[in-house]
Amino acid sequence: MSTITHFIVQADDVERAKKFYAELFDWKIEKFPGPIDYYAITTTAENGEEGLDGGLVKREEPQDTIVNYVDVPSVDEHIVKVEKLGGKVVVPKMAIPGIGYAAVCIDTENNTFGLWECDEDAKMKQCESCGMPLDEKTTSKFDDRYCIHCQDQQSGDLATKEQVKEGSINAAMQFMGKTREEAEKMADEMMPELPRWRE
């Protein structure tokens, strides 16, 4: 039987939310390793036993709320079931590298929930130029190694290194709340690791 395995808290102000939940419930909230702003939440039951763990992320859309993730043996199979039963998939299956796969759905009553499949071999397909996750909406029609932002969808021309870097900086500032200086540092560290820019 499937059970809730994880939850994600959405926050307009991550630091404010960290303080609120840490002080309210004594939750341990720590930055998860890696370039994305994701904070792991560790909970403990009153008897001292380990509780359900979760995560804290920056809210991307005003309507985003807390999402509970249900552990399933196959995200792909459960996506088919969700749609067959009258639900909708609102965030397609995505890889969390080295951890597993997730998808977000809406049930027949307009409640949001997530599907989670553990898989240590999970790999995320990324644009070889900017590192953006690739899916059916973001993959270039000319070359599936690149995203629609790094390869012009009219001419097929690839963006220059300067254009890719500026795009990455702007995305980090807009979607991750980074300062320009922080975003530039992230881009300088990330880009040499991507296949297109390896020397």
Side-chain angles (χ1 to χ4, degrees), residues 2-11 14 30-41 52-85 87-107 110-141 143-151 153 164 167-168 170-178 186-187 190-191 193-196:
S2 298
T3 187
I4 293 174
T5 187
H6 195 75
F7 64 92
I8 300 289
V9 176
Q10 310 280 342
V14 171
E30 296 180 321
K31 173 82 168 65
F32 194 77
I36 61 170
D37 275 342
Y38 179 89
Y39 293 82
I41 298 173
L52 186 65
D53 290 339
L56 176 67
V57 297
K58 178 98 173 141
R59 187 186 322 273
E60 292 185 10
E61 300 292 337
Q63 69 275 14
D64 288 347
T65 60
I66 292 175
V67 178
N68 291 311
Y69 283 81
V70 179
D71 190 30
V72 296
S74 168
V75 167
D76 289 326
E77 289 176 12
H78 278 75
I79 282 173
V80 172
K81 285 184 181 180
V82 164
E83 292 175 333
K84 183 178 178 184
L85 293 168
K88 297 176 186 166
V89 178
V90 292
V91 177
K93 178 182 173 183
M94 59 185 163
I96 313 300
I99 301 174
Y101 296 96
V104 179
C105 307
I106 294 178
D107 70 12
N110 210 31
N111 297 303
T112 303
F113 66 96
L115 300 172
W116 176 255
E117 173 188 345
C118 287
D119 186 346
E120 293 179 3
D121 296 325
K123 291 184 175 74
M124 175 175 55
K125 189 169 181 190
Q126 294 178 282
C127 174
E128 294 187 7
S129 180
C130 72
M132 177 178 167
L134 292 176
D135 60 28
E136 64 275 0
K137 293 179 183 173
T138 60
T139 302
S140 169
K141 67 181 181 182
D143 188 330
D144 66 5
R145 295 175 299 163
Y146 303 115
C147 72
I148 57 175
H149 305 290
C150 289
Q151 189 164 40
Q153 296 304 283
V164 172
S168 296
N170 289 334
M173 290 168 59
Q174 181 178 356
F175 300 113
M176 299 170 71
K178 300 289 185 187
M186 278 182 63
M190 178 189 68
M191 286 187 65
E193 301 297 319
L194 297 167
R196 187 174 174 210

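Just so it is clear, the structure is predicted and the values come from calculations on it, not from any experiment.
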Could you give the distance from CG (Asp143) to CD (Glu128), rounded to the nearest 0.5 Å?
7.5 Å
For residues Ile41 and Tyr39, determine if any side-chain heavy atom of one lies less than 4.5 Å from a side-chain heavy atom of the other.
no
Pairs satisfying side-chain hydrogen bond (donor to acceptor under 3.5 Å, both in side chains), at least one member in residues 87-104, at least two apart
Asp76-Lys93
Between Phe32 and Tyr38, how do the two ring planes meet: parallel, tilted or perpendicular, split at 30° and 60°?
perpendicular
Among residues at least two apart in sequence or on other chains, which ones pass ring pair (Phe, Tyr, Trp, His ring centres under 6.0 Å) with Tyr69?
none
For residues 61-74, the salt bridge (Lys or Arg N to Asp or Glu O under 4.0 Å) pairs (sequence neighbours left out) are none
Kindly compute the distance separating CZ (Arg196) from SG (Cys127), expressed to the nearest 0.5 Å.
8.0 Å
Distance-only donor-acceptor check, side chains Thr65 and Gln10, under 3.5 Å:
no
Rounded to the nearest 0.5 Å, what separation is found between the CE atom of Met191 and the OG atom of Ser168?
6.0 Å
Go through Leu134 and Cys147 one step at a time and tell me if the side chain to side chain contact (heavy atoms under 4.5 Å, CB included) criterion holds.
CA-CA 7 Å; Leu134 292 176; Cys147 72; 3.6 Å; yes
Any Ile79 side-chain heavy atom under 4.5 Å of Leu115 side chain:
yes
Hey, does Val72 have a side-chain heavy atom less than 4.5 Å from the side chain of Glu77?
no
